[in-house]
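Side-chain atoms are counted along with the backbone in the values below, which use heavy atoms only and exclude waters and symmetry mates.
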Amino acid sequence: MATREYTQIIEGKYDNKGTIKAMDILNNIPLTVEYFKTRPDVQQRIEKSINSDEYLAVYKRGTRSGFEYIPRDKEALTVRGLDIKDMSKKPSNIDSTSWSTVDKPNDFFISDLKWKYLLRNIVRGKNIMMTGPSGCGKTDVTFKAAKSLDREVMYFNLGATQDPRSTLIGNTHYSKNTGTYFNESLFVSAIQKPNTVILLDELSRAHPEAWNILMTVLDPIQRYLRLDEKESWDSSDSTTIKVAEGVSFIATANIGSEYTATRVIDRALLDRFTILEMDTLSYEDEYKLLSDKCNGSVDQNVLLQLCDIIKDIRKEVKSDMPRINTTISTRATLEIVELLNDDFTLEQAIEVLVYPLFSDEGGNDSERTYVKQVVQKYLTNDSGRRVHEASVKGLKDTLKDLGE
């Protein structure tokens with residue numbers, strides 16, 4: 001068989017809507033709708049190749065294109081001198097680490113998908129930005145994920161950093177015995193440790209200068225830190241520090257109008273991360289977490305009342321016209337359980353830990369008055385007891401369905 005100079009080998013198929021989709025597997029290029037509009041003749045030939053389970057081969061024939069139908073098998077391509085890479089097969093050099101088999105911690109609730117994604121990004125040395133309400137477990141889950149993978153975590157609270165250059169780069173000092181010397185920061189040492197997890201906590205509260213320093217460090221192509229202070233008196237190559245293999249940067253951020261001390265994160269910096277949103281716990285998960293924390297020392301009905309109250313407050317915050325502007329974090333509910341363990345009543349614990357979060361300005365129309373009404377609905381009224389008993393029944397049915 002004479003060898004032709006093929007320019008395209010087209011593999012066609014129908015999608016679930018019956019539309020023709022095609023890929024030039026010789027050049028690994030998809031054929032677009034615009035291409036079909038300019039070449040309706042090719043579209044007709046592709047449709048014929050789909051129905052006959054063949055490839056449509058395009059070759060040069062003088063100044064025009066010729067077409068040939070080739071059986072969809074390796075031998076038919078080989079005979080024609082074609083070596084098509086099978087893009088449907090996974091590459092053989094995939095890391096042997098299987099993050100999907102690493103169990104989630106028993107004392108933390110996160111969806112299977114987000115847990116798997118978090119582990120995968122750590123193993124691959126990717127950058128993640130954890131977002132979500134204050135107290136939802138962004139920092140905690142980072143430590144738990146790193147521990148599950150046996151990775152070291154280096155923690156940097158950027159929200160508390162007053163001097164970004166000192167924290168991220170280091171300082172120049174003078175000694176009368178040795179003269180001027182440069183003292184590298186802990187951050188410089190951390191990024192040179194392979195497979196380390198670097199936790200950049202409270203990134204949304206950091207000084208913009210810290211963001212500028214981190215730009216090249218977080219860039220997936222550049223991945224270096226320039227020690228400008230050291231460069232002023234040391235001309236060696238050590239003034240540029242490369243990020244070690246496998247280092248993963250995980251940042252936490254609070255985003256929203258209620259976080260008044262935060263800054264709008266620069267778009268270029270944000271683009272260096274993939275976003276992982278942490279969810280507020282469901283009613284059932286929150287109850288199970290609180291129940292595990294108190295280890296049976298708190299009455300079940302009291303815990304359910306607490307979950308009912310928190311559920312209503314969070315529901316109100318998410319409503320179209322909320323009467324309150326902030327919610328109750330899981331961190332706060334865990335603190336309430338600690339007080340319950342120490343012989344505080346639920347009403348006392350809420351009074352010292354929940355009411356101060358809400359303004360009392362406006363009298364009967366204040367946020368605090370509304371929250372008190374929610375609390376009293378579950379703690380005193382007969383109607384509240386009926387609502388609570390319905391919640392208890394619903395929870396018990398859910399737990400029964402889960403096999404608990």
Side-chain angles (χ1 to χ4, degrees), residues 105-110 130 132-141 143-144 201-202 252 254 256 258-259 278-319 322-360 366-381 383-396 398-399 404:
N106 295 326
D107 58 345
F108 195 92
F109 290 89
I110 184 174
M130 311 277 288
S134 177
C136 68
K138 299 184 292 293
T139 302
D140 191 22
V141 74
F143 278 97
K144 292 182 183 299
D201 209 13
E202 304 288 358
T252 68
N254 296 126
E258 65 179 301
Y259 304 107
M278 293 294 292
D279 302 318
T280 303
L281 293 184
S282 67
Y283 182 90
E284 295 80 11
D285 285 346
E286 187 124 36
Y287 171 80
K288 289 164 67 177
L289 175 64
L290 300 181
S291 180
D292 289 343
K293 287 295 182 182
C294 68
N295 198 25
S297 62
V298 177
D299 183 80
Q300 182 191 61
N301 287 328
V302 174
L303 288 181
L304 288 169
Q305 284 178 321
L306 173 59
C307 290
D308 287 332
I309 293 167
I310 300 304
K311 176 190 67 176
D312 279 10
I313 291 175
R314 290 175 179 167
K315 182 179 179 181
E316 178 63 26
V317 172
K318 294 182 178 180
S319 65
R323 285 167 283 185
I324 52 179
N325 294 317
T326 191
T327 188
I328 307 296
S329 69
T330 300
R331 182 190 297 136
T333 60
L334 290 172
E335 291 180 359
I336 293 173
V337 167
E338 289 182 9
L339 290 185
L340 297 178
N341 276 328
D342 291 334
D343 294 328
F344 286 72
T345 67
L346 178 57
E347 193 165 13
Q348 290 171 336
I350 289 176
E351 183 173 345
V352 297
L353 292 178
V354 174
Y355 293 157
L357 298 175
F358 300 92
S359 171
D360 60 357
S366 68
E367 291 188 354
R368 188 172 300 183
T369 298
Y370 171 78
V371 173
K372 286 184 176 180
Q373 291 171 349
V374 172
V375 173
Q376 293 306 313
K377 180 177 71 173
Y378 289 102
L379 294 186
T380 58
N381 295 340
S383 60
R385 275 196 296 273
R386 287 194 295 271
V387 172
H388 168 65
E389 288 169 0
S391 296
V392 172
K393 184 179 184 302
L395 178 60
K396 287 181 177 179
T398 300
L399 294 177
E404 298 205 21

Worksheet item: Considering the options K318, K377, R323, which one meets the salt bridge (Lys or Arg N to Asp or Glu O under 4.0 Å) requirement together with D312?
Response: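 When K318, K377, R323 are each tested with D312, the salt bridge (Lys or Arg N to Asp or Glu O under 4.0 Å) holds only for K377.
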Just how far is it from atom [atom1] of [X] to atom [atom2] of [Y], taken to the nearest 0.5 Å?
X    : Y    : atom1 : atom2 : value
M130 : D201 : CE    : CG    : 10.5 Å
T280 : I310 : OG1   : CD1   : 11.0 Å
L289 : D285 : CG    : CG    : 8.5 Å
E335 : S329 : CD    : OG    : 7.0 Å
L353 : I328 : CG    : CD1   : 9.5 Å
L290 : Q300 : CG    : CD    : 12.5 Å

Worksheet entry | Partners meeting salt bridge (charged side-chain N to carboxylate O under 4.0 Å, His left out) with R331 (sequence neighbours left out) |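 With sequence neighbours excluded, R331 shows a salt bridge (charged side-chain N to carboxylate O under 4.0 Å, His left out) to no residue whatsoever.
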Discussion item. Is it the case that over 12 heavy atoms from other parts of the model lie below 6.0 angstrom from the CZ atom of F344?
Written reply: no
Practice prompt. Please name all residues satisfying side chain to side chain donor-acceptor pair (under 3.5 Å) with T330, sequence neighbours left out, ordered by chain then number.
Written response: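 T330 satisfies side chain to side chain donor-acceptor pair (under 3.5 Å) with no other residue.
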Work out which heavy atom in [X] is nearest to a heavy atom in [Y]; give both atom names and the distance.
X    : Y    : result
V302 : L346 : O-CD2, 3.8 Å
T333 : L306 : O-CD2, 4.4 Å
L281 : R314 : O-NH1, 3.7 Å
Y283 : L304 : OH-O, 3.6 Å
E316 : P322 : O-CB, 3.2 Å
S359 : S366 : O-CB, 3.6 Å

Worksheet entry | F108 six-ring face occupied by K144 cation (under 6.0 Å, within 45°) | no
Worksheet entry | Backbone of M278 reached by a side-chain donor or acceptor of K138 within 3.5 Å |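 Such a contact is absent between K138 side chain and M278 backbone.
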Discussion item. Whether the side chain of E286 engages the backbone of C307 through a donor-acceptor N/O pair (distance < 3.5 Å, no angle test) should be reported.
Written reply: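 Checking the backbone N and O of C307 against the side chain of E286, no donor-acceptor pair under 3.5 Å is found.
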Fill in: Heavy-atom check, side chain of I336 versus side chain of V354, under 4.5 Å
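In short, these two side chains touch, coming nearer than 4.5 Å.
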Response to the item:
Tested for side chain to side chain contact (heavy atoms under 4.5 Å, CB included) against S297, the lone hit among V337, N341, L340 is N341
Worksheet item: Looking at T326, N325, T369, which one forms a side chain to side chain contact (heavy atoms under 4.5 Å, CB included) with F358?
Response: T326
